[in-house]
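Read the structure below first, then the notes.
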Amino acid sequence: MTPEMSFECLLISRDPAIFCTMHRILEDFSIATNICLSTTRASDLLQEGSTDLIVIDWDFELSSKLVDEVLKSRPQQKPTILALAADDQALPGVHVIVRKPITRESATRSMRSAYSRMVTDFRKHVRYAVMAKVEATDQRMRALSLVVSNIGQGGVGLCTKETLVVGDLLSFALKLPGTSQTISIEARVLWTRQYGASGCEFAAILPSDAKILHEWLTSRCRIKDPLIDWQS
């Protein structure tokens, strides 16, 4: 999902009553929905694009296999999974359970929990373009010229002609686009590519700078507003 788009959901069931109830609730939360009549179709859609939420009828054939597939998938940001089940016992890989027979009230309560998790996860993983040149130093006090390509709550993306290796610690000051505010960052290199791109996690950032970054990121988080109060 991009910051300007709605969350996207796969609704997996063959039960018309579930379709009717859940589709209305998903509309209340401004969530775009793809209806799947088979787990094979759901698996194909998961490979094709971004999915933020999976709503699955747990009586459906191969439900647990699909969830296991999601857990083993490569993307770091995995969808929230809401299961419609005969009881409320914990299910491996499932984040929220709605006990059947579902009602609009019970499903809405559970969707609020699922939606809260989706928003938190989205804000944690989404990255915003920066494209800012910075002068950095590493743990050996080597001076490096870098371009911060993007930033999020957990780290930054970098581009550079310098040689970086996994584990390098980079310290630099970054002016956030559209503001006069500069924050100091220490970032640890997690991965590198031959064409000069690197991904980093924050190793250290002052609480005051973390607050500035959080407020800047929140101001740019453009999730389509639900039609109902999801925090009540």
Side-chain angles (χ1 to χ4, degrees), residues 1-5 7-8 46-53 69-81 93 95 115-224:
M1 189 184 95
T2 66
E4 296 78 25
M5 294 175 63
F7 284 124
E8 296 182 18
L46 284 168
Q47 298 297 324
E48 290 175 6
S50 62
T51 298
D52 306 286
L53 173 68
E69 179 183 325
V70 171
L71 294 177
K72 293 179 179 178
S73 62
R74 294 185 64 183
Q76 186 178 10
Q77 184 180 2
K78 293 180 172 57
T80 294
I81 300 175
H95 304 108
Y115 191 86
S116 178
R117 186 184 187 281
M118 291 159 63
V119 170
T120 299
D121 201 41
F122 171 71
R123 289 174 175 169
K124 178 181 178 181
H125 289 96
V126 70
R127 295 293 182 94
Y128 296 91
V130 177
M131 302 308 294
K133 293 182 179 180
V134 300
E135 297 299 318
T137 56
D138 65 9
Q139 69 273 23
R140 297 179 294 275
M141 300 307 296
R142 179 176 56 140
L144 304 166
S145 294
L146 310 171
V147 173
V148 178
S149 56
N150 59 69
I151 192 168
Q153 284 191 352
V156 294
L158 303 176
C159 293
T160 182
K161 295 180 180 179
E162 309 281 358
T163 300
L164 299 178
V165 297
V166 173
D168 275 347
L169 287 173
L170 307 172
S171 300
F172 54 88
L174 173 67
K175 182 179 178 182
L176 295 172
T179 77
S180 59
Q181 296 172 309
T182 300
I183 60 175
S184 296
I185 293 171
E186 184 178 67
R188 180 182 294 106
V189 177
L190 295 179
W191 55 263
T192 64
R193 298 291 184 266
Q194 289 183 348
Y195 50 83
S198 300
C200 305
E201 65 177 353
F202 292 135
I205 182 169
L206 292 173
S208 56
D209 285 347
K211 182 175 184 293
I212 290 170
L213 176 60
H214 176 75
E215 291 174 350
W216 184 85
L217 292 170
T218 300
S219 71
R220 280 153 177 77
C221 185
R222 295 291 182 263
I223 301 170
K224 188 174 181 180

Check: Gln139 side chain, Leu169 main-chain N or O, donor-acceptor pair, under 3.5 Å: yes
Residue pair Leu170 / Thr137, side-chain heavy-atom distance below 4.5 Å: no
Close side-chain approach of Leu158 to Cys200, heavy-atom, < 4.5 Å: yes
Donor-acceptor contact present, side-chain Thr120 to main-chain Arg117, <3.5 Å: no
Nearest-0.5 Å distance that lies between atom CD in Gln181 and atom CD1 in Ile212: 4.5 Å
Gln153 CD to His214 NE2 distance, which is reported to the nearest 0.5 Å: 6.0 Å
Nearest-0.5 Å distance, CZ of residue Phe7 to CG of residue Leu53: 9.5 Å
Partners meeting side chain to side chain donor-acceptor pair (under 3.5 Å) with Asp209 (sequence neighbours left out): none
Trp216/Ile183 under side-chain contact (heavy atoms from CB on, under 4.5 Å): CA gap, chis, key distance, verdict: CA-CA 11 Å; Trp216 184 85; Ile183 60 175; over 6 Å; no
Rounded distance (nearest 0.5 Å) linking atom OG1 of Thr160 with atom CG of Leu146: 4.5 Å
Check: Gly157 main-chain N/O paired with Ser149 side-chain donor or acceptor under 3.5 Å: yes
Arg140 side chain reached by Asp168 side chain, heavy atoms, under 4.5 Å: yes
Heavy-atom side-chain contact between Pro177 and Val130 under 4.5 Å: yes
Minimum heavy-atom distance between Val134 and Ala173, given as atom pair plus value: CG1-O, 3.5 Å
Donor-acceptor contact present, side-chain His95 to main-chain Thr80, <3.5 Å: no
Side-chain donor/acceptor of Asp52 to backbone N/O of Glu8, under 3.5 Å: yes
Summary of salt bridge (Lys or Arg N to Asp or Glu O under 4.0 Å) pairs that have at least one residue in residues 178-189, sequence neighbours excluded: Arg188-Glu201
Check: Trp191 and Arg193 side chains under 4.5 Å, non-hydrogen atoms: yes
Separation of Leu206 CG from Ser184 OG (nearest 0.5 Å): 6.5 Å
Side-chain heavy atoms of Asp138 within contact of Leu144, under 4.5 Å: yes
Student check: side-chain heavy atoms of Leu174 and Ile151 closer than 4.5 Å: yes
Side chains of Ser145 and Glu162, donor plus acceptor under 3.5 Å: no
Validation row: Phe202, Leu213 side chains within 4.5 angstrom (heavy atoms): yes
Closest contact, heavy atoms only, Thr163 versus Arg142: O-NH2, 3.1 Å
